[in-house]
Amino acid sequence: MSGAAKPSGVTAAAVELAVWWAVLAALWLVLVSSLDLLECLVGAAAALLGACAARAARRAAVSGAATEGSAHAGPAEDRPR
């Protein structure tokens, strides 16, 4: 049994946003042609928006998959025999 505590919802959300932000900011830095302060600020802001969108999309996909299976049994079981 693991002694590690499960992170709270706020902590998990913050970690997920930070990971998405780091990945997207790194991608921005790879693709940008010049590194100056304005480019870095724009990249950081764009990465933050992308991180929020990615988290929202993942949560929607997970909640949609969870409710889809329980709310509807499937087309094969709806057909009369």
Side-chain angles (χ1 to χ4, degrees):
M1 182 186 230
S2 174
K6 185 176 180 183
S8 69
V10 174
T11 304
V15 168
E16 183 180 359
L17 282 174
V19 169
W20 274 114
W21 180 85
V23 169
L24 293 173
L27 179 64
W28 179 279
L29 289 174
V30 167
L31 296 176
V32 72
S33 61
S34 65
L35 283 179
D36 60 353
L37 181 61
L38 184 59
E39 286 287 337
C40 290
L41 292 175
V42 170
L48 181 61
L49 289 174
C52 292
R55 182 170 189 275
R58 188 199 57 82
R59 286 178 49 98
V62 168
S63 68
T67 58
E68 184 177 309
S70 62
H72 185 66
E77 296 174 5
D78 289 341
R79 284 185 249 147
R81 293 183 184 226

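Throughout, numbering of the chain's residues begins at 1 and tracks the sequence. Excluded from the calculations below are hydrogen atoms, water molecules and symmetry mates; all remaining heavy atoms, backbone and side chain alike, are included. Here the structure is a predicted model, which is why all the values come from computation and not from measurement.
- Taking Leu17 as the reference, Ala51, Cys52, Arg55 meet the side-chain contact (heavy atoms from CB on, under 4.5 Å) condition, with sequence neighbours excluded.
- The minimum heavy-atom distance linking Ala44 with Trp21 is given by the pair O-NE1, 3.1 Å.
- Summarising the geometry of Ala25 relative to Ala47, their closest heavy-atom pair is N-CB, 3.6 Å, with the distance given to 0.1 Å.
- Across all non-hydrogen atoms, the minimal contact from Val32 to Leu29 is CG1-O, 3.5 Å.
- Checked against salt bridge (charged side-chain N to carboxylate O under 4.0 Å, His left out), Arg58 has the following partners two or more places apart in sequence or in another chain: Glu16.
- Between Val23 and Leu27 the shortest side-chain heavy-atom distance does not fall below 4.5 Å.
- Side-chain heavy atoms closer than 4.5 Å link hydrophobic residues (I, L, V, M, F, W, Y) into clusters, and following such links, even through other members, never connects Leu41 to Leu35.
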